[in-house]
Protein chains: 2
Amino acid sequence: MSESARQRKRQTPKSGATIRMVAKEAGVSTATVSRVLTQSGTVKPELEERVRRAIEALGYEPNAAARGLSNGSLRNIGIIMPDMTNPYFFHVVDQVTRGASEDGYRVLMASSYGNPDQELATALELRPQVDGLILLSSRIGASGLRELARAKTPTVLVNRVEQGVDLPVAAVDHMAATMQLCGHLFSLGHRKVVYLSGSTLSWQDQERWKGMLMARHMGLETVRVESEGTIESAYEAMDRALGFKPTAIVAFNDLAAVGALSRLQDLGISVPDQMSLTGFDDIPLSRHIQPHLTTVHSPTRELGDLAWNLMSQSLAGEANLEVRYALAELILRDSTGPAARSVASIQ
Amino acid sequence: MSESARQRKRQTPKSGATIRMVAKEAGVSTATVSRVLTQSGTVKPELEERVRRAIEALGYEPNAAARGLSNGSLRNIGIIMPDMTNPYFFHVVDQVTRGASEDGYRVLMASSYGNPDQELATALELRPQVDGLILLSSRIGASGLRELARAKTPTVLVNRVEQGVDLPVAAVDHMAATMQLCGHLFSLGHRKVVYLSGSTLSWQDQERWKGMLMARHMGLETVRVESEGTIESAYEAMDRALGFKPTAIVAFNDLAAVGALSRLQDLGISVPDQMSLTGFDDIPLSRHIQPHLTTVHSPTRELGDLAWNLMSQSLAGEANLEVRYALAELILRDSTGPAARSVASIQ
DNA sequence: ATGAAAGCGCTAACAT
DNA sequence: ATGTTAGCGCTTTCAT
């Protein structure tokens with residue numbers, strides 16, 4: 001918009017002092033200034049002092065781009081997630097960020113807004129800016145993932161295991177955890193449960209649903225009802241779920257369980273007396289709603305740590321195509337109980 | 001860690017094809033390649049095609065640092081927030097990110113973990129990497145803020161208004177909203193309410209408490225009980241709050257209200273019959289817990305938009321020291337009701 | 001211990 | 001329309 005900046009040719013926005021100006025001010029060479037900047041040791045205290053004073057006087061600040069160009073790296077890590085408003089992801093991001101900043105990396109964050117194509121495009125666009133890419137619950141197709149794996153930019157997957165994709169992975173074993181959950185319900189006498197799904201595009205959803213299918217072997221009838229893993233979508237899906245006359249609801253995650261509970265309460269169906277309900281993730285909220293939620297603790301801290309460890313290794317050039325699992329844990333609280341007679345369907 | 005990378009002098013990590021290699025491959029000059037890269041128009045279609053093929057063949061990817069150095073900008077924006085695990089902030093970040101990416105900026109994210117000193121340090125460290133800085137609920141002291149304002153890097157404050165600091169601000173008028181909340185309670189017959197505080201370092205907390213103090217003028221006795229604005233801390237602070245025998249609790253935010261509610265339920269105190277309770281923020285959850293929470297809708301979308309607009313202007317070199325307010329809105333639901341006889345203190 | 005100077009990869013002014 | 005080339009600001013080798 002502003003036309004007034006056209007006077008100088010080759011304008012340099014945000015131009016400040018350069019290393020050369022500092023050098024001149026301090027009466028030394030640029031090499032010396034660089035040496036004190038990078039703490040490379042050998043600079044006579046007196047010179048160092050002069051340089052520091054010059055830096056102070058000029059308000060000098062190193063230019064990140066120049067430094068990055070010279071060093072061959074900007075020391076940025078990119079994180080892409082499907083949904084920036086889901087607290088679960090942020091606990092992971094938070095942990096990754098701690099690791100990254102300890103190692104001198106900054107974090108560039110982007111959301112794919114749940115769209116696989118956009119996610120791949122974002123990954124490709126981010127790639128030139130970063131030293132490494134971390135994909136949370138990626139929804140990119142297998143071929144896209146393979147494309148990313150082929151490139152030299154280290155890439156780590158969190159909560160997404162894909163056969164034939166050579167990428168290191170940090171994940172929780174959602175399938176096993178879900179089977180545990182089903183075992184718990186079965187032992188309480190439940191024989192018919194509805195799985196209130198997450199997004200079909202989500203790997204977690206696929207894994208958890210696989211767990212539900214496995215549970216059929218133990219004699220549990222499992223029905224899938226589509227939803228999106230949010231409070232609202234679960235609330236809305238509940239009427240369909242009740243149509244199947246289950247005695248228990250296995251919600252995709254805690255948020256969905258909250259939505260389901262909200263609907264049940266509206267209908268006057270008591271949990272766990274008339275209906276058992278489980279979540280997944282163990283977000284702080286889950287132990288503070290009434291009734292306290294039976295759920296699966298999904299360790300975000302560990303997941304973030306694993307992801308960053310994997311990334312460090314990749315950054316260091318060590319090939320590591322392992323899948324590392326963080327351990328999930330069943331948390332029994334008050335939202336599950338003995339199977340009651342099926343409540344009346346509302347449809 | 002790896003010692004094996006020391007062989008080449010001046011090693012270039014992640015070295016790939018350069019523009020020069022592409023130029024040679026396509027049989028053109030680097031300028032031509034640059035022209036097709038930057039879509040600067042005038043390149044004969046045939047040449048352009050050759051260049052694109054060369055890019056493809058070599059798997060060329062532009063070097064962000066070099067580009068940034070040449071352009072004088074990396075096109076990054078930094079966002080600093082006190083707590084990466086609070087959903088409220090992320091809704092704002094999400095919105096800012098949308099605006100930024102539309103304008104071709106990427107977002108560098110950092111957390112200060114609630115520590116003012118670290119926040120300033122982070123801001124200073126981030127500054128060289130970014131074109132602009134957005135501070136969410138900054139806890140940096142006034143002098144630190146002034147220091148940031150003096151520098152050439154555009155800086156925008158969200159939810160923090162500080163006299164004598166020349167920085168553009170996007171905020172919600174928390175004080176006014178809190179007074180409205182108090183008016184609502186007063187009209188229901190409440191005369192003594194406890195404010196379950198947030199962190200003292202938070203501007204929002206100060207503003208809301210000011211609102212509580214103002215409410216005294218209408219005859220409402222208001223007491224402050226310290227807490228941290230989290231589910232857990234509010235849960236723990238409730239016993240102290242009840243010691244004051246209030247008829248209503250004004251929690252710092254919805255999360256705190258959930259914690260307060262959880263404790264009240266444990267004690268068998270019914271909301272709103274025996275105790276009224278309010279939140280702040282209107283996170284999705286607030287309408288799905290039992291009872292549905294009376295709260296203040298704090299418009300994160302608008303806040304994010306305002307912040308990005310302010311940033312765009314600053315980036316364009318337009319001086320704008322305005323404070324822009326997003327409108328908060330009182331949401332009456334089921335957690336507030338007529339004042340009952342004060343419940344028995346539990347201490 | 002310090003300085004001179006050669007790049008790092010890209011953009012854009014200038015020349016053709 | 002295309003090529004040549006001079007930087008952008010920093011790091012590091014090499015020479016002293």
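Letters go in sequence order (proteins before strands), and every chain restarts at 1.
For the OP1/OP2 pair of dC10(C) and a distance below 4.0 Å, the side-chain nitrogens and oxygens of Ser70(B) include no atom meeting the criterion. Under 4.0 angstrom from either OP1 or OP2 of dG3(D) there lies at least one side-chain N or O belonging to Thr32(B). The phosphate of dG9(C) (OP1 or OP2) has no side-chain N or O of Arg67(B) nearer than 4.0 angstrom. OP1 or OP2 of dT11(C) lies within a sub-4.0 Å distance of a side-chain N or O belonging to Ser34(B).
The 5' end of DNA chain C is approached more closely, in terms of each residue's nearest nucleotide, by Val28(A) than by the other of Asn63(B) and Val28(A).
Remark: P of dG9(C) and CG of Leu58(B) are 13 Å apart, rounded to the nearest angstrom. Summarising the geometry, the separation between CZ on Arg75(B) and P on dC10(C) is reported as 18 Å, rounded to the nearest angstrom. When rounded to the nearest whole Å, the span between OH of Tyr60(B) and P of dG9(C) equals 10 Å. The distance from atom CD of Gln39(B) to atom P of dT11(C) is 12 Å, rounded to the nearest whole Å. Spacing between atom CD1 of Ile19(B) and atom C1' of dA12(C) amounts to 11 Å, rounded to whole angstrom units. Between the P atom of dG9(C) and the CG atom of Leu74(B) lies a distance of 16 Å, rounded to the nearest Å. Here the C1' atom of nucleotide dG9(D) and the CD atom of Gln129(B) are 14 Å apart, to the nearest Å. In this structure, CG of Leu69(A) is placed 9 Å from P of dC10(C), rounded to the nearest angstrom.
Between the side chains of Asn320(A) and Ser314(A), at least one donor N or O sits under 3.5 Å from an acceptor N or O. Looking only at atom types and distance, the side chain of Thr85(B) has a donor-acceptor partner in the side chain of Asp83(B) under 3.5 Å away. Between the side chains of Ser138(A) and Glu119(A), a donor-acceptor pair is found at a separation under 3.5 Å.
Residues Ile77(A) and Met311(A) meet the side-chain proximity criterion, which asks for heavy atoms closer than 4.5 Å.
Counting any heavy atom pair closer than 4.0 Å across all strands shown, Thr18(B) reaches sugar-phosphate atoms only and no base atom. Across all strands, Ser40(B) comes closer than 4.0 Å to no nucleic acid atom at all (heavy-atom distances). Within 4.0 Å of Val43(B), counting heavy atoms only, lie sugar-phosphate atoms of the nucleic acid but no base atom.
Under a 3.5 Å cut-off, the side chain of Asn71(A) and the backbone N or O of Ser73(A) do not form any donor-acceptor pair. Counting only distance, with no hydrogens or angles, the side chain of Thr155(A) and the backbone of Thr153(A) share a donor-acceptor pair below 3.5 Å.
Of the candidate nucleotides dG9(D), dT4(D), dA1(C), dT4(D) has the atom lying nearest to any side-chain atom of Ala31(B). Distances from the side chain of Asn71(A) to the nucleotides dC14(D), dA13(C), dT11(D) place dT11(D) closest. Considering only side-chain atoms of Lys44(B), the nucleotide from dG3(C), dT2(D), dT4(D) that sits closest is dT2(D). Taking every side-chain heavy atom of Thr30(B) into account, dT4(D) is the closest of dT4(D), dG9(D), dG3(D). The side chain of Arg35(A) approaches dG3(C) more closely than any other nucleotide in the set dG9(C), dG3(D), dG3(C).
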